[in-house]
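Data block below; observations after.
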Amino acid sequence: MLNFDEDRFLRIQSGAVAQASGLRPVVAKALQAGATNLFLLGSGGAGILMEPAARLLRSRSAFPVFHEVPAEVLAQGHGHLGAGSLVVIPSLSGTTKESLEILDHCRALGATVIGLTAHADSPLAQRADHTFVNFAEDDTSCESFYLQSLAVVLAIMQERGEIDSYDAVLAELARLPQALLEAKRGFEPRAQAWAEQFKDEPYHIFTGAGSTWAQAWYYAMCILEEMQWIRTRPVHANDFFHGTLELVEEGVSVVVLAGEDASRPLSQRVAAFAAERTGKLTVFDAAEVETPGISPAVRELISPVLLATLLERVSAHLEVLRDHPLTTRRYYRRVRY
């Protein structure tokens, strides 16, 4: 595979799955001590990656969960954030300004803060009540954060008696890193072909629904916009039909991410509409990814993980074909703003 270290990938994603063993007792202790809600407070891309976990908890648990923008909480407060809150703050670098500010704010309110980061010596790691470190970089952080946040909400549901399959799910997830690697290998030709076809495309509409909406949003904003300077329009598959559909005509690139949860028909609806109006429709479908030893029930939980692992291969080819390294920035962390 192009510019890819297989051993490194397996080490990082296996590390993400392994975090569950440490996260579960921390979550259990917090709930036993009377935790009243969960806050997922990541900034930028790391925050977007918390959305599938928040969605899962909202749909399958009665435990209150708040997936918020830290800068807004700092600006206007939040009536549910307080001493009874269990807070998860993901930050790959552990240095993100808004993440550190919200961490200090949460601790001042008496909340319990779990930090998820890639660097043990970072400010986030040093200041959180409980720190979980799994080294990753931009090309591997999606799967890592998806899996760690999934472990948090599964632990909450297990502790509350809302599921009884926690151990079985984790046993299946232990097989996932190897399955992801095989998925990358199989997808490589298609990733290269898509990158070659769309390397000069000036604009894309990206959409998804349910757990895949986060990956559509993240890939459009954090990869194509930030790392490739390509204009995109990320829009939820339902909201697509409340405005964005009017932009679809022949020659417009529409990219649909389809998952395996109950929201799949929303993505399929966009694909059906776009197929009749543009020759540049692309559907990346989690259902096409083979994952031996992983049940349909668990696959439903990991659609964004599967799609993230495929799209990383697209990114690897885009940066080469466009002669635009994924690390190139004009403004992000380079100028004051």
Side-chain angles (χ1 to χ4, degrees), residues 20 23-24 26-28 30-31 34-70 72-73 76-82 84-90 102 106 111-114 116 142-143 145-166 169-170 173 207-218 234-240 242 257-267 286 296-308:
L23 285 164
R24 184 177 180 181
V26 169
V27 169
L31 266 63
T36 56
N37 55 47
L38 174 70
F39 272 78
L40 299 169
L41 296 175
S43 298
I48 293 172
L49 298 175
M50 299 294 104
E51 170 61 19
R55 187 180 300 273
L56 177 64
L57 201 60
R58 284 196 300 267
S59 64
R60 300 194 186 183
S61 172
F63 192 70
V65 57
F66 300 92
H67 178 224
E68 306 289 347
V69 176
E72 287 192 345
V73 175
Q76 62 192 28
H78 198 295
H80 294 275
L81 179 60
S85 299
L86 177 62
V87 179
V88 175
I89 302 177
I102 197 65
C106 291
T112 299
V113 178
I114 296 174
L116 305 178
C142 282
E143 299 97 326
F145 278 142
Y146 281 142
L147 290 168
Q148 290 177 75
S149 57
L150 174 60
V152 170
V153 300
L154 289 175
I156 289 173
M157 289 190 287
Q158 177 71 14
E159 183 66 21
R160 288 170 50 83
E162 293 168 326
I163 59 170
D164 58 7
S165 57
Y166 177 90
V169 171
L170 265 294
L173 290 179
T207 188
S211 64
T212 70
W213 162 232
Q215 186 59 29
W217 180 11
Y218 176 91
V235 58
H236 190 281
N238 185 69
D239 291 336
F240 175 90
H242 294 271
L257 304 191
E260 296 183 79
D261 61 11
S263 296
R264 180 178 175 85
L266 279 68
S267 293
V298 173
R299 283 183 61 101
E300 185 178 336
L301 304 176
I302 60 171
S303 289
V305 182
L306 300 178
L307 292 169

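Keep in mind that the numbers below use all heavy atoms, side chains included, and drop hydrogens, waters and symmetry copies.
Relative to the ring axis of F63, R160 does not place its NZ or CZ within 45° and under 6.0 Å from the centre.
Between the side chain of S85 and the backbone N or O of N37, no donor-acceptor pair lies under 3.5 Å. Proximity of a side-chain donor or acceptor of T36 to a complementary backbone N or O of G84 within less than 3.5 Å is detected. In this structure, R55 contributes its side chain and G210 its backbone to a donor-acceptor pair below 3.5 Å. Side-chain N or O atoms of S211 include none that pairs as donor or acceptor with a backbone N or O of L301 at under 3.5 Å. Between the side chain of E162 and the backbone N or O of A62, at least one donor-acceptor pair lies under 3.5 Å.
For L257 against A216, the heavy-atom pair with the smallest separation is CD1-N, 3.4 Å. Of all the heavy atoms in A286 and L307, the pair that sits closest is N-CD2, 3.8 Å. Between A308 and Y146, the shortest heavy-atom contact is CB-CE1, 4.1 Å. In this structure, A20 and L170 approach most closely via the heavy-atom pair CB-CD1, 3.4 Å. The two residues E300 and A262 come nearest to each other via the heavy atoms OE2-N, 4.4 Å. In terms of heavy atoms, R264 sits closest to A258 at NH1-CB, 4.0 Å.
A side chain to side chain contact (heavy atoms under 4.5 Å, CB included) with L23 is found for one member of I156, L154, I114 and no other, namely I114. A side chain to side chain contact (heavy atoms under 4.5 Å, CB included) with L57 is found for exactly one of L40, V152, V153, namely V153.
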For the pair L81 and V87, evaluate side-chain contact (heavy atoms from CB on, under 4.5 Å) and give the outcome as yes or no after the intermediate values.
CA-CA 9 Å; L81 179 60; V87 179; 4.0 Å; yes

side-chain contact (heavy atoms from CB on, under 4.5 Å), that's the test. Do D261 and L56 meet it? Break it down for me.
CA-CA 10 Å; D261 61 11; L56 177 64; over 6 Å; no

Steps toward side-chain contact (heavy atoms from CB on, under 4.5 Å) verdict (I102, E68)
CA-CA 11 Å; I102 197 65; E68 306 289 347; over 6 Å; no

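W213 has its side chain within reach of P234: a pair of non-hydrogen atoms, C-beta onward, lies under 4.5 Å apart. Within the 4.5 Å cutoff, the side chain of P90 has heavy atoms near those of the M50 side chain. Within the 4.5 Å cutoff, the side chain of P52 has no heavy atoms near those of the L150 side chain. Looking only at side-chain heavy atoms (C-beta outward), F39 and C106 stay at 4.5 Å or farther from each other. Residues L306 and R299 are in side-chain contact: their nearest non-hydrogen atoms beyond the backbone lie under 4.5 Å apart. Considering only heavy atoms from C-beta on, H236 comes within 4.5 Å of L266 through its side chain. When side chains are defined from C-beta on, Q215 counts as touching C142, because their heavy atoms get closer than 4.5 Å.
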Would you mind writing out the side-chain donor-acceptor pairs for residues 41-48 within the sub-3.5 Å range, not counting sequence neighbours?
unit_1, atom_1, unit_2, atom_2, d
S43, OG, S99, OG, 3.4

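In this structure, the separation between CZ on R24 and CD on E159 is 7.5 Å, given to the nearest 0.5 Å. Taken from OG in S149 to CG in L116, the straight-line distance is 8.0 Å, to the nearest 0.5 Å.
Relative ring orientation between F66 and H80 is described as parallel, the plane-to-plane angle staying below 30° on a 0-90° scale split at 30° and 60°.
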